[in-house]
Number of protein chains: 2
Amino acid sequence: MSKRYGCPVELAVDVIGGKWRPVILAHLKEGAHRYGELRRRVPDMSEKMLAQRLRELQADGLVERVDRQSRPAHVEYHLTEEGRSLAPVLQALYDWGVARAERSATPIGHLPR
Amino acid sequence: MSKRYGCPVELAVDVIGGKWRPVILAHLKEGAHRYGELRRRVPDMSEKMLAQRLRELQADGLVERVDRQSRPAHVEYHLTEEGRSLAPVLQALYDWGVARAERSATPIGHLPR
DNA sequence: CGGTATCCATATTGATACTG
DNA sequence: CAGTATCAATATGGATACCG
């Protein structure tokens, strides 16, 4: 039941598009993060969206979940090799966002580092 | 009234995200197109979405509309300077889509040229 | 040719509360 | 800490018909 796409951009958007997936991926690009860390770093995203998008990103092979099996719970998410292949896309989005914010004098937070 | 964003990627996604905006922009990146051309090149997008997204892209300063004032009607759309600044994003999306399609053996159409 | 208007269906998003 | 469940609001998408 694989979908067909009219062009490569349609496929890319289908997998990594949407309001929050690129943001989550951009954070994970900086290294593994725990669930709660991601919540704090993207406070405008509801918890439901975070959990849902993380599951989709796992299903699409971009993100891996690691349960450290400890009490209290400790779960980490990190990019897979496939996920790391998105680096050029995420970097381009980030750079464009920075430049656009400057041009339009829009206040903006930044990823650390 | 301007929105605030937690990171540059959120801003970028807000302006060029969604299902069809990147696809339209990728086509216009290849040069000016008429309304009907865009419809034929992206047949899976409804006419309503095309008209609506084009209006948004104009409002955001990424696309310019040129009415040739002829009978029958002849209207062209092309990227503004600001729109052309998206080239790295669009290229990265395109390239990743091509690679992903190959890895997953997904059939896919391509932009001409 | 290049659109709009209308109506409707579905998907996405969000607030809040709850659980192991 | 790391989630899930539920309900409600909004956004997005599509079919059809119509207009200068």
Side-chain angles (χ1 to χ4, degrees), chain A residues 1 3-7 9-25 27-28 31-60 63-78, chain B residues 3-7 9-11 13-25 27-28 31-60 63-78:
Chain A
M1 275 305 80
K3 280 160 89 170
R4 284 197 57 100
Y5 299 95
C7 85
V9 175
E10 289 182 32
L11 186 158
V13 167
D14 198 35
V15 180
I16 64 155
K19 188 171 179 179
W20 296 117
R21 264 176 297 207
V23 178
I24 295 170
L25 291 166
H27 280 277
L28 295 183
H33 284 74
R34 298 178 63 168
Y35 182 87
E37 282 182 305
L38 289 170
R39 262 205 313 161
R40 283 189 300 278
R41 284 171 187 279
V42 196
D44 289 347
M45 171 175 52
S46 74
E47 207 167 345
K48 176 181 170 182
M49 288 302 108
L50 175 57
Q52 200 167 111
R53 295 311 153 225
L54 281 173
R55 268 185 269 117
E56 294 168 355
L57 292 171
Q58 289 169 70
D60 285 329
V63 166
E64 189 177 8
R65 192 188 105 117
V66 179
D67 188 340
R68 301 248 179 254
Q69 300 283 49
S70 64
R71 275 285 304 176
H74 182 141
V75 175
E76 278 185 9
Y77 293 90
H78 62 85
Chain B
K3 280 161 89 171
R4 283 197 57 101
Y5 298 95
C7 85
V9 175
E10 288 181 32
L11 186 159
V13 166
D14 198 37
V15 179
I16 65 158
K19 188 170 178 177
W20 296 118
R21 266 176 294 207
V23 177
I24 295 170
L25 291 166
H27 281 277
L28 294 182
H33 283 75
R34 298 177 62 168
Y35 182 87
E37 282 181 304
L38 289 171
R39 263 206 312 160
R40 284 190 298 279
R41 285 172 186 278
V42 195
D44 290 346
M45 171 176 49
S46 75
E47 205 166 346
K48 176 181 169 181
M49 288 302 108
L50 176 56
Q52 201 166 110
R53 297 309 153 226
L54 281 173
R55 267 184 272 117
E56 293 168 354
L57 292 171
Q58 288 169 71
D60 285 329
V63 165
E64 190 177 8
R65 193 188 105 116
V66 179
D67 189 339
R68 301 247 177 256
Q69 300 283 49
S70 65
R71 278 286 306 175
H74 182 140
V75 176
E76 278 184 9
Y77 293 90
H78 62 85

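Naming: A, B, ... by sequence-line order, numbering from 1 per chain. All values reported here derive from a predicted model rather than from experimental measurement.
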Name the residue from A:Arg68, A:Arg34, A:Arg65 that meets the salt bridge (charged side-chain N to carboxylate O under 4.0 Å, His left out) definition with A:Glu76. A:Arg68
Distance in angstrom units between [X] [atom1] and [N] [atom2], rounded:
X       : N      : atom1 : atom2 : value
B:His33 : C:dG2  : NE2   : C1'   : 16 Å
A:Met45 : C:dT12 : CE    : C1'   : 14 Å
B:Ile24 : D:dT12 : CD1   : C1'   : 14 Å
B:Asp44 : D:dG13 : CG    : C1'   : 12 Å
B:Glu10 : C:dT13 : CD    : C1'   : 14 Å
B:Gln58 : C:dG2  : CD    : P     : 14 Å
A:Leu54 : C:dT13 : CG    : P     : 14 Å
A:His74 : C:dG20 : NE2   : C1'   : 18 Å

Using five base pairs at each end to define the local axes, how bent is the helix from C:dC1-D:dG20 to C:dG20-D:dC1, to the nearest 10°?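 Rounded to the nearest 10 degrees, the bend comes out at 50°.
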Do the side-chain N or O atoms of [X] get closer than 4.0 angstrom to the phosphate oxygens (OP1, OP2) of [N]?
X       : N      : result
A:Trp20 : C:dG14 : yes
B:Arg39 : C:dG2  : no
B:Arg55 : C:dT4  : yes
B:Arg71 : C:dG2  : no

Base, sugar-phosphate or nothing for B:Glu47? Non-hydrogen atoms, less than 4.0 Å.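 Since a base atom lies under 4.0 Å of B:Glu47, the category is base.
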Using a 4.0 Å heavy-atom cut-off across all strands, classify B:Arg53 as base, sugar-phosphate, or nothing. sugar-phosphate
Can you tell which of [options] lies closest to the side chain of [X]?
X       : options               : value
B:Tyr77 : C:dG3, C:dG14, D:dG3  : C:dG3
B:Arg65 : C:dT4, C:dG3, D:dA2   : C:dG3
B:Lys48 : C:dT13, C:dT6, D:dA2  : C:dT6
A:Met49 : C:dT4, D:dG14, C:dG14 : C:dG14
B:Val75 : C:dT13, D:dC1, C:dG3  : C:dG3
B:Ala73 : C:dT13, D:dG3, D:dG20 : D:dG20
A:Pro72 : D:dC1, C:dG3, D:dG3   : D:dC1

For B:Met49, does its backbone N or O pair with a side-chain atom of B:Gln52 as donor and acceptor, under 3.5 Å? no
How close do [X] and [Y] get, counting heavy atoms only, and between which atoms?
X       : Y       : value
A:Gly18 : B:Val13 : O-CG1, 3.4 Å
A:Gly17 : A:Pro22 : O-CD, 4.2 Å
B:Ala32 : B:His78 : CB-CB, 3.9 Å

I'd like to know if A:Lys19 reaches the base of C:dT12 with its side chain such that a donor and an acceptor end up less than 3.5 angstrom apart. no
Measuring from atom NE2 of A:His33 to atom CG of A:Leu38, what distance do you get when rounded to the nearest 0.5 angstrom? 6.0 Å
To the nearest 0.5 angstrom, please state how far the CG atom of B:Leu57 sits from the CZ atom of B:Arg21. 6.5 Å
Salt bridge or not between A:Glu56 and A:Arg53? Use side-chain N to carboxylate O under 4.0 Å.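 So A:Glu56 pairs with A:Arg53 through a salt bridge.
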